[in-house]
Amino acid sequence: MTIAGVVLAAGKGTRMRSNIPKQLHKVAGVALVGHVVRTLRDAGIDEINVVVSSDLAESEELHAALLPRVTVSIQSEQLGTSDALKSARSSVAGAESIVVAPADMILVTSSIVRQVIDTHAESDALTTVLGAVVEDATGLGRVELDTAGHPKAILEEHEADSELLQSHLTNTAWYCFNNKWIWDALDSVQAADTGEVYLPRVVEQASAHERSRIVISDDNETGLGINDRVQLARVESVVRRRINETHMANGVTFQDPGTTYVDIDVEIGSDTTIGAGTHIRSGSRIGANVSIGPNTQITSSKIGDEAVIDGARVANSIVGAGVFVGSNSLVRAGAELMVGSRVGNLAEIKNSVIGPGSRVSHFSYMGDATIGANVNVGAGTVTCNYDGKEKHPTVIEDEALIGSSTMLIAPITIGKGARTGAGSVVRSNVAAGDTVAGVPAKSIRSK
Ligand code: UD1
Ligand code: CA
């Protein structure tokens, strides 16, 4: 059976009280619509179409949240979920069945989506709905079952009678449909008294053919949706717990999972330890036997095996194997700390390469610098890289020794094995092996 996926994400999301469209609100670093796309992919569905409003179609945030090969269709007017699905028709034409999902029910897992697909195929159904039993069904569509236990109808809260309203069996708005049958079925759905055309009404037609089925999730988190910010926070905490548990199952130690925030799209190697108060954001790759935290933030960075990041921030950078980064240091903007190097406390490394075995141990700023191997940068050294108009590079070659509080006025090169005296202000290049000191720094090598 070939299956395509459709995510309905053109709704207004007014209950969020936000200028940001609901589907772009983030949970664990990824927009809601991106979560649903990932779940469909993880369930083995390759061809996926996302239906959005015309103002969202060009948004960079939308495209950043999607995966490769996901297509986008536009619903020009928000006339209801049935109308939204019609917008995707041409993009899923080749599939035998389609899985349709809303953008705001992101706790549905790929394994339950597979169960829906399997039940649909085995029973040759026209519609298979994913139902969930929830404690508080307020605002949700209720599923009415026939005597055989198959769905007879799905009614929204304002349509259901008082008996059905007692039911806690709700519609998750995840469905599998027969792709030949669904389009005519949509055409015969009448608008509700709100003026919207409701997709779940097709269940009545499938039921009339005795080809309506349901999978009821036994996980009580499945039915938790996101219509407002309280629900957004509740779902976020469930997603974070699941992410942390997945990493723990893979051999990562969490000192305190409740205060550790790992986004989706993060890799962590085995026997890595993560201290309390740590944030690891999307796009980060952490090696094995690494120690991170407490109170550390890693964003879109690669951390090599055996590294130690102790109370620092690392963003968009590469940290090599065995590197140490100490407390309150900031490593950012494409910095690369090569194997065995060390950045101590209160240092900032921006767009710079720190060569193997080199040390920048205490409160220094290295910006736009290329530092060779086994260099020692003394406390309080600054690359003065900005002249008020432009940024300039600094090069420090292998084995140089930079005295404490040296000011390096860029552009400048400090040659191999050269030394600078404490407190010197170095305005011009220093030859290999030379020693300079003073303000401005002059050679003090005995001739
Ligand atoms: C919907 C279901 C309800 C179910 C609930 C589960 C309908 C009529 N009702 O209600 O039975 O219990 O989900 O969360 O479907 N959308 C569009 N275009 C539109 C309208 C909506 O793309 O014109 C999208 C929304 O962005 C959203 C999804 O469809 O992702 C569901 O719409 P929403 O308004 O959230 O429906 P609910 O009232 O929650
Ligand atoms: Ca909803």
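Numbering starts at 1 and runs along the sequence shown. Indexing begins at 1, ligand by ligand and atom by atom, following the structure's order.
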Judged by non-hydrogen atoms, does [X] sit under 4.0 Å from ligand 1?
{"X": "D83", "result": "no"}
{"X": "T172", "result": "yes"}
{"X": "A9", "result": "yes"}
{"X": "L199", "result": "no"}

Quiz question for you: does at least one protein heavy atom lie closer than 4.0 Å to atom 34 (O) of ligand 1? no

Just to confirm, does any protein heavy atom lie below 4.0 Å from atom 15 (O) of ligand 1? yes

Looking at atom 31 (C) of ligand 1, what's its closest protein heavy atom, distance included? T81 CG2, 3.8 Å

The Ca ion (ligand 2) contact by M105, N, O or S atom under 3.0 Å: no

Check D104 and report its N/O/S atom nearest to the Ca ion (ligand 2), by atom name. OD2

Is the backbone of A132 close enough, under 3.5 Å, to the side chain of T170 for a donor and an acceptor to pair up by distance? yes

Looking at D104, which atoms of ligand 1 are within less than 4.0 Å of one of its heavy atoms? 35 (O)

My understanding is that only one of E156, E159, Q190 makes a side-chain hydrogen bond (donor to acceptor under 3.5 Å, both in side chains) with R201; could you say which? E159

Any side-chain donor paired with an acceptor under 3.5 Å for D256 and T259? yes

